[in-house]
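Everything on this sheet refers to the single structure shown next.
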Amino acid sequence: MSKELAELWRFRGLLWQLVRRDLKVRYKNSRLGFLWSIAPPLMQVAVITFAFRHATNFAAKFPSYSAFVLVAMIPWTYFQTAVQDSCQSILMMYTVIKKVYLPREIIPLSSTISNFIHFLLSWLVFVLYWYIFRRGPILWTVLWFPYLVIVQFMLVTGVGLFVACLNVFYEDIKYIVTIVMSLLLFVLPIMYVPEQVVYTSHIGGRYHPIFIWFYMNNPITALITGFRKTLLQPPSPAAVGGPSLPLNVGSLLFAGLISFGILIASYAYFNKRKWEFIERP
Amino acid sequence: MGIYRKTIAPDSMTASPAILVENLHKTFRLQHRKSASIKYAILNFYRKNPVEKREALKGVSFKVEHGETVALVGKNGSGKSTLLSLMAHVYKPTSGIIQLNGKIATLLELGAGFHPDLTGVENVELYGAILGLTIKQIHQKFDSIVKFAFDTPDLAEKIDTPLRNYSEGMKMRLGFSLAVHTDPDILLIDEVLAVGDEAFQQKCYRKIEEFQNVGKTIVFVAHYSHIIRQVASRVIWMHNGLIRLDGPLEPTLEAYLKASDDPNYHSNSS
């Protein structure tokens, strides 16, 4: 792997050019440019807030329900768009890699990196939101922020490399990813908080404890709740159905470890198969 | 797995040939799809389509010294493009050794696989980066690249418009101009020398001559004998994944052309 990394470093100039291309091309013919990457999550947040305030009895009890959704929606949007973009990326550059050599991992990497830049810019929008609506004090746990951002980058890049590689051989992956993403929006605690699942899991006794543990500690949930708990004050027990769980440092460190593992494993898998891309049978 | 080696160190260049190929094999796997119907696909999704192995190269060995210009000839499917792709490090060899000593540039038409909304400038930056130039070097050479590609001002004006407004010939010109401006030691060209108008072709030949005069190495695949005669100093004739004949320009090309006139050779490409 060190040889591959050295090769990647040699091509860092190209990687940067591809990232620039991604950033430029995305909104090339639009007037509002970057606003188009923050507008959809903002509109989603507005609509979800509207629906949940009126259709459920917990959303209104949050100090600021829309802030809770927004803080989850930003990392979620990054995860979704970056994984979907890198899934398609290699086939889009197919005619190039058929003719000229470049380390192929550069292609999905440029997708995850350009989306990462959008992700960071989206947090500026959150800061603006915070400033305008004055939603409470800044917590010292904001110091976790850089850690969470890095862990999410590793996770997204790991998953992105994996699906990008698989999609070359089985284009079903593209459809599977799209479906899974639309389902995860509801399965993951984006429109609600994971405590609500824990406090209602006894109803009917449906969930196995392993499921609950996995639900709470998988890296995406850990990251979403990590961002929430480090940036926002906890909601009241009345809103959640019980006391809000404290920031779970163990779960965050575990997510970092898992994300790093996924990144390394995916990169190894990618390297193993990248020479088959243009000679798939 | 075969070995692909590349050195860029100048001291190794004088000692070793520009390109060294030893007993090179390349096998592709081809999958035959029996039926394209959805019903068949659904009912037989678990069944693997038969995979056939096709040997594109069956043990090829040769050396190219620095300063040589080699034309690869042969009918379609003889393995010449595979050989060139192996030199460009697009494929990994199945077995054998392929070693290139020097900086490589592959000629590629601009816009191939890139976004049509990118301008000519952005494409030059991107493709320049693929060929190993830094953004600084690209900007230094930029005027010269554009000047070489588009001699008339009305073409040069288009450089900051999206590539979708370019004709195929213009993309080719820009691609050629960029490739030669990367100052490679070894230039790889795949069947593209025949594009552009007469004037631009002459310009390409002059540039290639310039390359030859300073001792650079060129390997190209060509189908037109007048191009080969104008540029090459040596011809390698590929046939069914093997070298049929390898020698100086005239006798080798003559032998190849004679054979391709023979209906038994099944020539359809020259």
Side-chain angles (χ1 to χ4, degrees), chain A residues 3-4 6-30 33 85 88-104 106-107 109-111 114 168-172 175-176 271-281, chain B residues 1 4 6 26-33 45 48-54 56 81-82 84-85 87-94 104-109 111-119 122-138 162 175 179 188 190 192:
Chain A
K3 226 173 91 186
E4 251 91 20
E7 187 74 348
L8 194 59
W9 179 246
R10 206 162 69 77
F11 275 83
R12 62 190 182 282
L14 175 61
L15 179 58
W16 176 234
Q17 285 298 318
L18 286 174
V19 170
R20 271 186 59 195
R21 179 202 65 162
D22 279 356
L23 292 176
K24 273 186 189 170
V25 156
R26 181 169 312 179
Y27 306 114
K28 191 92 186 172
N29 292 320
S30 71
D85 282 359
Q88 307 266 35
S89 61
I90 291 176
L91 288 182
M92 279 174 71
M93 289 280 279
Y94 203 70
T95 44
V96 177
I97 58 170
K98 247 180 124 163
K99 287 206 166 149
V100 42
Y101 171 76
L102 59 150
R104 280 105 202 243
I106 274 188
I107 299 165
L109 262 181
S110 73
S111 296
S114 62
V168 176
F169 304 105
Y170 316 99
E171 281 186 59
D172 316 65
Y175 303 109
I176 294 172
N271 280 333
K272 211 179 134 204
R273 298 206 72 176
K274 65 180 173 186
W275 288 99
E276 297 170 39
F277 287 172
I278 53 165
E279 37 183 290
R280 55 188 173 155
Chain B
M1 199 45 110
Y4 180 94
K6 209 184 136 204
K26 181 67 199 173
T27 306
F28 292 107
R29 291 180 304 147
L30 293 176
Q31 197 172 50
H32 295 278
R33 308 259 154 103
F45 72 95
K48 276 193 176 157
N49 285 311
V51 174
E52 178 209 350
K53 286 194 170 178
R54 196 178 69 82
S81 285
T82 305
L84 203 73
S85 297
M87 289 179 193
H89 202 197
V90 166
Y91 299 125
K92 270 227 188 306
T94 307
I104 306 166
T106 316
L107 202 67
L108 181 72
E109 69 180 277
F114 296 140
H115 204 282
D117 277 348
L118 288 180
T119 66
E122 289 160 344
N123 261 279
V124 167
E125 287 173 357
L126 199 53
Y127 186 43
I130 289 182
L131 292 180
L133 291 184
T134 63
I135 189 81
K136 221 174 170 179
Q137 289 170 318
I138 296 167
L188 305 175
D190 192 357
V192 287

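To find a chain, count down the sequence lines: A is the first, B the second, and so on, and within it residues start at 1.
Looking at A:Arg21 and B:Glu125, no side-chain N of the basic residue comes within less than 4.0 Å of a carboxylate O on the acidic one, giving no salt bridge.
Closest non-hydrogen pair, A:Lys99 versus B:Thr106, comes out as O-CG2, 3.7 Å. In plain terms, the two heavy atoms of A:Tyr101 and B:His89 that are nearest each other are CD1-O, 3.2 Å. The two residues B:Val90 and A:Ile97 have their closest heavy-atom pair at CG1-O, 3.4 Å.
In this structure, CZ in A:Phe277 is found 14.5 Å from OH in B:Tyr91, a value given to the nearest 0.5 Å. In this structure, A:Lys274 NZ and B:Lys92 NZ are separated by 7.5 Å, a value rounded to the nearest 0.5 Å. Expressed to the nearest 0.5 Å, how far CG of A:Leu14 lies from CG of B:Leu133 amounts to 11.0 Å.
Contact annotation for B:Thr27: only backbone heavy atoms (N, CA, C, O) come within less than 4.5 Å of a heavy atom of chain A. In this structure, chain B has a heavy atom under 4.5 Å from the side chain of A:Phe11, while its backbone stays farther away. At a 4.5 Å heavy-atom cutoff, the contact between B:Glu122 and chain A is made by side-chain atoms alone. Neither the backbone nor the side chain of B:Lys53 comes within less than 4.5 Å of any heavy atom of chain A.
Atom NZ of A:Lys24 has more than 12 neighbouring heavy atoms from other residues, nucleotides or ligands inside a 6.0 Å radius.
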Inset, instruction - Take A:Arg20 and B:Ile135, measure what side-chain contact (heavy atoms from CB on, under 4.5 Å) needs, and give me the verdict at the end. - result: CA-CA 12 Å; A:Arg20 271 186 59 195; B:Ile135 189 81; 4.0 Å; yes

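Judged as a side chain to side chain donor-acceptor pair (under 3.5 Å), and not counting sequence neighbours, the contacts of B:Thr134 are B:Gln137.
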